[in-house]
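Written below as structure tokens is the structure these notes are about.
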Amino acid sequence: MQKILVIEDEFEIRENITELLHAQNFQVIAVENGIKGITAAQTHIPDLIICDISMPELDGYRVLEALRHEPITASIPFIFLTAFVEKSNTRKGMELGADDYLTKPCTPGELLSAIATRLAKQATRDRQQSEKLEELRQSIILSLPHELRTPLNGILASSELLLMHFDQPEDADTREMIELINISGKRLYRLIQNFLLYAELELIAASPEQIKALQAHSTPCAEALVTEKAVYQAQQVHRQPDLELELEDAYLQISPTRLMKIVDELVDNAFKFSVPGTPVKVACQVSQGIFTLSVSDKGRGMKPEQLMQIGAHMQFDRKLYEQQGSGLGLAIAKRLAELHGGSLSIESVPAEQTTVTVKLPLAPE
């Protein structure tokens, strides 16, 4: 049964719509105001929403705006019901992302026709999205088979064993070559992992159920985790004195693994694109239910046109290989933040400073 959410403050109208939809074998969730409507949409993930505009506390426009800003509800078809007949009201609703607009009183036939049209269009979009996802899966299978990691693991393990047992101080050139093999192998392994993670996040982003499951995890001690990952990255590049920490603890609605990935990519970029002896500052603060993580460096910075491309849809082609630090890793961090109801922004002055800021919601009490 397809699920329809009805948000209507007038009892008689709400009951009439509910009865009509039940008779058409729809599963109906009916609520009497916008606040409950937003909660119901996020909880039940309906196939379509019917919403009155004029309601106390939170009108239909603000309900639509709130739902369109959340990945889990952004694509749900939305039909406005209203007693307003002015063209400006219709236009406002459409600009906010409404799919249809019915004037009360409307006939049962008009309502059912609008519902059928929107559900059919959504089914078409879903089918097209599924086809795109299948193409993405095939692209991953063809260009990055999991078997690639098997010989790579052999290269890494063999080079590490050689380094452990290399006892010829006079042959520095050979040791340097082994170290280069090991470093290159680790870099390739990280790239493979990021490819697979980016593909996974793209699949999750297309499924409201998977987004909801992703957001069900939490991290109780964010400060300790951020500290651990930032210090580790500084040690990897021998720049512990350059690291500055200014952290506030928080209980976040994101899993430790996902939070560590965000910190890992941002701090790695900060060290990679700044020179030793310049500071890399990692700061965290909590304000009004939002956790803000910022990573700043005094490196080469990014141009405005580069900033505009961050987070854009990235093809699995050679261009991606050439973006070593500010490409795929930063896109992953941005996507992770957005899927958890947060955001990522960048402020950069070329050759002076770059600050990447991630905002994430706190976990509910």
Side-chain angles (χ1 to χ4, degrees), residues 160 163 179-180 182-191 193-194 197 218-252 254-287 290-303 306-307 310-311 323-337 340 342-360 362:
E160 287 169 2
L163 288 172
E179 289 175 345
L180 180 60
N182 186 257
I183 292 171
S184 298
K186 289 179 178 178
R187 178 177 163 187
L188 180 57
Y189 185 83
R190 181 187 178 97
L191 181 60
Q193 294 298 96
N194 274 357
L197 176 57
S218 61
T219 298
C221 300
E223 180 184 6
L225 188 148
V226 173
T227 300
E228 176 187 345
K229 180 54 68 173
V231 170
Y232 173 80
Q233 287 287 4
Q235 291 173 341
Q236 292 298 106
V237 292
H238 309 292
R239 289 183 60 182
Q240 296 94 315
D242 294 342
L243 180 63
E244 299 178 1
L245 298 176
E246 189 177 304
L247 308 179
E248 183 177 346
D249 205 4
Y251 186 9
L252 304 182
I254 185 174
S255 73
T257 301
R258 303 302 189 185
L259 178 59
M260 287 182 71
K261 183 60 177 174
I262 292 174
V263 178
D264 181 52
E265 293 299 338
L266 299 191
V267 177
D268 177 66
N269 276 349
F271 281 123
K272 187 176 295 181
F273 294 105
S274 63
V275 298
T278 60
V280 169
K281 182 178 180 180
V282 180
C284 302
Q285 64 178 15
V286 178
S287 177
I290 299 296
F291 173 81
T292 301
L293 165 70
S294 64
V295 180
S296 303
D297 67 79
K298 302 288 186 180
R300 72 189 195 192
M302 301 178 68
K303 299 177 182 178
Q306 292 174 313
L307 295 178
I310 296 300
Q323 299 178 27
Q324 298 174 13
S326 62
L328 185 57
L330 201 51
I332 287 173
K334 186 175 189 296
R335 178 61 95 182
L336 278 171
H340 287 86
S343 63
L344 182 148
S345 60
I346 305 173
E347 295 181 1
S348 184
V349 179
E352 291 187 21
Q353 178 172 308
T354 298
T355 299
V356 184
T357 301
V358 170
K359 295 182 181 293
L360 294 168
L362 300 181

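Residue numbers start at 1 and run along the sequence shown.
Nearest heavy-atom pair across Val280 and Ser274 is CG2-OG, 3.9 Å. Glu248 and Gln285 get closest at one heavy-atom pair: OE1-CA, 3.5 Å. Scanning both residues, Val286 and Ala250, for their nearest heavy atoms gives CG2-CB, 3.6 Å. In plain terms, the two heavy atoms of Ala337 and Val358 that are nearest each other are CB-CG1, 4.0 Å. Across every non-hydrogen atom of Cys284 and Leu247, the tightest pair is SG-CD2, 3.5 Å. The shortest heavy-atom contact between Phe271 and Ala230 is CE1-O, 4.4 Å.
Taken to the nearest 0.5 Å, the NZ atom of Lys334 stands 9.5 Å off from the OG atom of Ser345. The NZ atom of Lys298 sits 10.0 Å away from the OG1 atom of Thr354 when rounded to the nearest 0.5 Å.
By the 4.5 Å heavy-atom criterion applied to side chains, Val237 and Asp242 are not counted as neighbours. In this structure, Leu252 and Leu259 have side chains that are in contact, with non-hydrogen atoms separated by less than 4.5 Å. For the pair Leu360 and Leu293, the minimum side-chain heavy-atom distance is 4.5 Å or more. Between Ile332 and Lys261 there is a side-chain heavy-atom pair separated by less than 4.5 Å. Between Asp264 and Met260 the shortest side-chain heavy-atom distance does not fall below 4.5 Å. The side-chain heavy atoms of Arg239 and Pro276, taken from C-beta on, include a pair separated by under 4.5 Å. Under the 4.5 Å side-chain criterion, counting only non-hydrogen atoms from C-beta, Leu266 is in contact with Leu330. Residues Thr357 and Thr292 form a side-chain contact, since some pair of their non-hydrogen atoms from C-beta on lies under 4.5 Å apart.
The environment of Gln240 atom CD is dense: over 12 non-hydrogen atoms of other residues, nucleotides or ligands sit within 6.0 angstrom. The environment of CD in Glu228 is sparse: at most 12 heavy-atom neighbours from other residues, nucleotides or ligands sit within 6.0 Å.
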Going through the checks in order, is the side chain to side chain contact (heavy atoms under 4.5 Å, CB included) test met by Asp297 and Thr278? CA-CA 8 Å; Asp297 67 79; Thr278 60; over 6 Å; no
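Between Glu265 and Arg190 there is a salt bridge, with a side-chain nitrogen of the basic residue lying less than 4.0 Å from a carboxylate oxygen of the acidic one.
At distances below 3.5 Å, not a single donor-acceptor pair connects side-chain atoms of Thr219 with backbone N or O atoms of Ala222.
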